[in-house]
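To start, the structure itself, in structure tokens.
Reckoned from all heavy atoms, side chains included, excluding hydrogens, waters and symmetry mates.
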Amino acid sequence: MNWLRQAATIARRELRGGLSGFRVFLACLALGVAAIAAVGSVRVSITDGLAREGSVILGGDAELQFHYRRASDEERAVLEGLGSVSEILDFRSMAATGDGPDADRALTQVKAVDDLYPLVGRVELSPDIPLSDALADNGIVAHPVLMDRLGMAIGDALYLGTKRFTLRAALTREPDAGGAGFGLGPRTLVSLAALDGSGLVSEGSLFEAQYRIDMGDVSDEVLDATEVQVGTAFADAGARWRDRRNAAPQVERFVDRIGSFLVLVGLAGLAVGGVGVSAAVRSYLERKTGVIATLKTLGAEGRVIFAAYMMQIGVLAVLGIAIGLALGAAIPLAIGPLIKAQLPVPVALGVHLGPLLEAALYGALTALVFTLWPLARTEQVRAASLFRDVSGAVRIWPRKRYIAALTLAVVVLIASSAILSGIPTLALYSAGGIIVALALLIGAAWGVRRLSRALAGTRAVRGHPALRLALGSVGGPGGEATAVVLSLGLGLTVLAAVGQIDANMRAAIDRDLPEIAPSYFFVDIQPDQLPVFLDRVENDPAVSRVDTAPMLGGVVRSIAGKPASEIDHWVTRGDRRISFADTPGEGTRVVEGEFWPEGYTGPPQISFAREEAQELGIKLGDEIVMNVLGRDITGTVTNFREVDFSSGGIGFVIIFNTAALQGAPHTWLSTVYAEESAEAAILRDVAGDAPNITAIRVRDAIALVTEVLGALAAATSWGAGATLLTGFIVLIGAAAAGERSRTFEASVLKTLGATRATILTSFAIRSALLGAAAGTVAIIGGALAGWGILTFVMEAPFTFEWRSALAIVLGGSLATLLAGLAFAWRPLAARPAGVLRAQD
Amino acid sequence: MVLSLRDVSLSLQGNAGMVDILHSISLEVARGDTLGLVGPSGSGKSSLLMLMGGLEKATGGEVMALGNDLTEMDEDQLARFRRSHMGVVFQSFHLIPTMTALENVATPLELAGVVDAFDRAQAELQAVGLGHRTDHYPAQLSGGEQQRVALARAAAPRPDILLADEPTGNLDQATGEAIMDLLFGLRDRYGATLVLVTHSTELAARCDRTIRLVDGRLDTETVNAKAAE
Ligand SMILES: Nc1ncnc2c1ncn2[C@@H]1O[C@H](COP(=O)(O)OP(=O)(O)OP(=O)(O)O)[C@@H](O)[C@H]1O
Ligand SMILES: [Mg+2]
């Protein structure tokens, strides 16, 4: 291993020169690693918090949830056998400031709790009184947002339906909020006892009954065993069992999704950084060509040289990764309070080893992937380069073993990102996208260089030395142009893709929905209230359309004999709202099979939504077993309907024939399309007639969706921002690396009689050419990536958003121009003799 | 006088403070004159040439070229002045690496607004024996070939003053002589004034005068009787 020692000696001596040439290298690597480490750390902080505080978020060690009914006495007895049980009813209702027609109303998510609530954790109220006192004698506590919305103060009366409550306190902390997911209205708490006789929760209305169990200090094994035991006991009850280990599945999924998505954006950023790393190493090694050739003349073998430079880059990479990890670990701690305030769940902020290791792995692999090629080429430097300037003239491929190593590193990088991100398909697509983008960019760089060289030689360019200098410096020998196009192009492509996705989502919400969506969803309309309700809305001239349908809650138990638990689809997960009808209804298209005739009373038949049926593999004639309010009912699928869920109107996946379900307790659902100015009056009248009817204002629901999407978009743009920052550093690095050449060119041109204006023009043309090449690819690549993600991941329609694309590309070109001009300052100011003498 | 230097001095910032490179140099060069600058390595020959070309600003004294005070002009004025009056051949050529030989030679002509810049550049390269190398980039040329391109580039706009730093330094005997003929031909045909830095006694002998620099000072001046004949 004598040669390794020789290599180490050379490496040590070379590194004595300091790190000044490696600022861009270190910055690129550190920034990419820091972004990934930070995102990963925040994600683990949240999921760790969820795991540690699972029982608090769930409100017990385990929970059994029934849809639209309470547990029977026998069922309750089974649960009591497991530990102490607390019962909670969760439903939507309208909160009102009075019971008259002039009262202000707002949607609220009500939780009716028993004396044991909360089993785990603590409710915080303002003023700080015990919950039992607050809820006694028809007391109620409400989320400050609701109080604000209704302009209420402590001590005021607050109505739910026709039931009068007294507001006793503001609900400042609800320990089990994270387990409930994202509700439409702010929370209110009342006591279960107060519900009796209020008519708020009746058979057929939409509520959930949750039974939380405090099992004492139990192990996970006991939880597993209990799940099996409960599973058998409640096999036919249509109930959902959860324990503290998946307390907040919705939050967890949301965080996981955003987190993985951001890691992917981070990887794209790392790829941009990789281009900078590669360019830095390339220019370093180019400067070292003389040294390498001299060493060869003195008898050093190729592998010694390769190892010597590999060691130097290795040391620098370790340094860059270390800086990145330190930053990545520190950032979450610094912005921690901000994240905590945004999430309904506890966050365990701290330094987490896992995500740091993951980030380090990505950093190391990226460094390897992007430096191996230029490093391998050191073996090809011949001693002859001392006597002849061959840099750029010969382009030999590295030896096979380096290409194999490079391929292996790329494969490991992609595979680890696919496995570690938890979203393998998206990760593979992204990796593919980055590779395609890089290939496109290399192609574009090659193209713009060839084109420039060809143009430089044409007659049209003669007489315009500034233009020819620009064309020459893009197309002539030396690889600087490629580095600029790659780094800028990749950064802009990522940004353009994010821009396309963002603009499309916003456009979809802004443009499509409000025009065709109804004003209100009215739910919980009791059958006997329907005539009065219809009388009010159908005779209002401001109302253009009213749709009604009966609604029941049901749970799919099996499809064509296959248990629902073995089918992974949203239709078979949890409770499903279903309907019944005698006719397909106006505007509904039956695309396959026959809708049952009016007045049909035979065996139950089912009409299924076409797209979902296809996804579930349902064929006409299949039998579906559904549990409706504790009773199993079997229907045969006899036709498929086209259902458009995006229009915001009524859409049911499953519709039975009327006779099959008519006898079951049900409520009516109605959508009302009205002019915005008439909305308030309709709500007042409907709620005045029937206070139990819940009105969901579609505009509010859309605002909520917009908010969630906005959070997603914000997170994404932070990620894209980090990518852009990396891209900018790479760009500045490239401009700085080119400064020597620019200075030299400027000096020679001055000697030949060029004014500073001419020289500056030439530099500007050069930047514009490179910016245009990068920008063109970014538009194409960004559009492709945006289309792919919207079409295949978000399953939304894609339209090319010109404005976003142009803004991003123009911004990017401007950035190149500015970076180029900033670095033109010194070359222009330099006195020729000083520069040209130094070159001697 | 085409060139006249009065009491010129030059100091540059070195690693260990200011370094005095030239000390109160005064000299004059008449139209059509050829001046050889000789002296040991490091004596300041190249620096003096740079001052004459306005590529360096004198720390003291006055540099007049064709009646213009170069020390008073800004970078752009100097550039425009050189464009029409001055050609420079550097010791290490300084061709633009991203331009072919032909483009390098054509550039000063284009800057001066010459219409048939490329045809003249082609002819100029022909004259230095490189008519077959016009499309080569500098990196693809030998040292001597690069030097000849640099010479063609400096001579192409027919400057009033041609400053050349060791124009035959890298050339074999025969080529060197051909280049010398070319240089002196410029004087003979167009009345150009030549200032040449050289270590070659042969080249120095062909100049009208030679000035010897030692340690940044004028040491001796020789009027060459043979050349004056
Ligand atoms: N930027 C600089 N800063 C300080 N000193 C410099 C600088 N450039 C050159 N010198 C010094 O100025 C002196 C004159 O240099 P110059 O290049 O004019 O010499 P020369 O006579 O042309 O030598 P040669 O025959 O070797 O080309 C030298 O001693 C050199 O070390
Ligand atoms: Mg010299």
Side-chain angles (χ1 to χ4, degrees), chain A residues 385 387-394 449 452-453 456-459 461-478 480-481 741-742 744-760 762 766 828-840, chain B residues 10 12-13 46-47 49-51 53-57 74-88 90-100 102-104 106-118 135 137-143 146 153-154 156-157 159 165:
Chain A
S385 21
F387 310 110
R388 192 181 304 280
D389 180 7
V390 288
S391 71
V394 266
R449 292 185 57 179
S452 300
R453 196 175 321 170
T458 58
R459 292 195 166 270
V461 175
R462 295 187 174 176
H464 305 282
L467 177 56
R468 211 191 40 254
L469 176 71
L471 289 173
S473 84
V474 172
E480 206 191 313
S741 312
R742 296 295 88 70
F744 171 73
E745 284 167 9
S747 299
V748 175
L749 285 173
K750 279 185 189 175
T751 310
L752 300 182
T755 59
R756 281 172 294 190
T758 309
I759 299 168
L760 197 63
S762 157
R766 181 178 182 281
L828 281 180
R831 205 179 300 293
V835 178
L836 300 178
R837 192 205 305 275
Q839 293 260 330
D840 278 351
Chain B
L10 177 68
L12 287 176
Q13 187 68 47
S46 296
S47 306
L49 205 69
M50 298 277 189
L51 279 177
L55 300 168
E56 184 77 274
K57 224 175 194 88
D74 72 16
E75 291 287 313
D76 285 346
Q77 290 168 326
L78 284 169
R80 279 189 213 100
F81 177 76
R82 280 192 294 264
R83 187 188 286 178
S84 34
H85 303 295
M86 226 174 247
V88 183
F90 294 97
Q91 196 166 359
S92 47
F93 332 133
H94 294 321
L95 300 178
I96 296 178
T98 54
M99 288 187 186
T100 61
L102 183 66
E103 289 167 354
N104 260 290
T107 301
L109 294 169
E110 288 177 309
L111 287 169
V114 172
V115 186
D116 56 345
F118 275 76
D135 286 337
Y137 284 102
Q140 299 164 326
L141 297 171
S142 78
Q146 290 183 43
R153 185 174 71 176
D165 204 341

Polar side-chain atom of B/Asp76 near backbone of A/Thr755 as donor-acceptor pair, under 3.5 Å: no

Which atoms of B/Leu95 approach chain A - backbone, side chain, both or neither, heavy atom under 4.5 Å: backbone

Minimal non-hydrogen separation, A/Ala754 against B/Ala79, with atom names: O-CB, 3.1 Å

Partner residues of B/Arg82 under the salt bridge (Lys or Arg N to Asp or Glu O under 4.0 Å) criterion, sequence neighbours left out: none

side-chain contact (heavy atoms from CB on, under 4.5 Å) between B/Leu78 and A/Lys750, intermediate numbers included: CA-CA 8 Å; B/Leu78 284 169; A/Lys750 279 185 189 175; over 6 Å; no

Chain B contact via A/Ile759 - which portion, at a heavy-atom distance below 4.5 Å: neither

A/Pro832 and B/Met50, any side-chain heavy atoms less than 4.5 Å apart: no

Interface moiety of A/Ser747 toward chain B, non-hydrogen atoms closer than 4.5 Å: neither

Part of A/Leu471 within contact of chain B (heavy atom distance under 4.5 Å): neither

side-chain contact (heavy atoms from CB on, under 4.5 Å) between B/Thr98 and A/Glu745, intermediate numbers included: CA-CA 9 Å; B/Thr98 54; A/Glu745 284 167 9; 4.1 Å; yes

Distance, nearest 0.5 Å, that separates CD of B/Glu110 from CG of A/Leu752: 11.0 Å

Region of A/Ala456 that comes under 4.5 Å of a non-hydrogen atom in chain B: both

A/Leu469 vs B/Thr107, side-chain contact (heavy atoms from CB on, under 4.5 Å): CA-CA, chis, key distance, verdict: CA-CA 9 Å; A/Leu469 176 71; B/Thr107 301; over 6 Å; no

Verdict with reasoning, A/Arg756 to B/Asp74, per side-chain contact (heavy atoms from CB on, under 4.5 Å): CA-CA 11 Å; A/Arg756 281 172 294 190; B/Asp74 72 16; 4.1 Å; yes

Choice from A/Thr758, A/Leu828, A/Val748, A/Leu749 maximising heavy atom contacts with chain B below 4.5 Å: A/Val748

Heavy-atom pair of closest approach, residues B/Ile96 and A/Phe744: CA-CE2, 4.4 Å

Separation between OG1 of B/Thr100 and CZ of A/Arg453, rounded to the nearest 0.5 Å: 11.0 Å

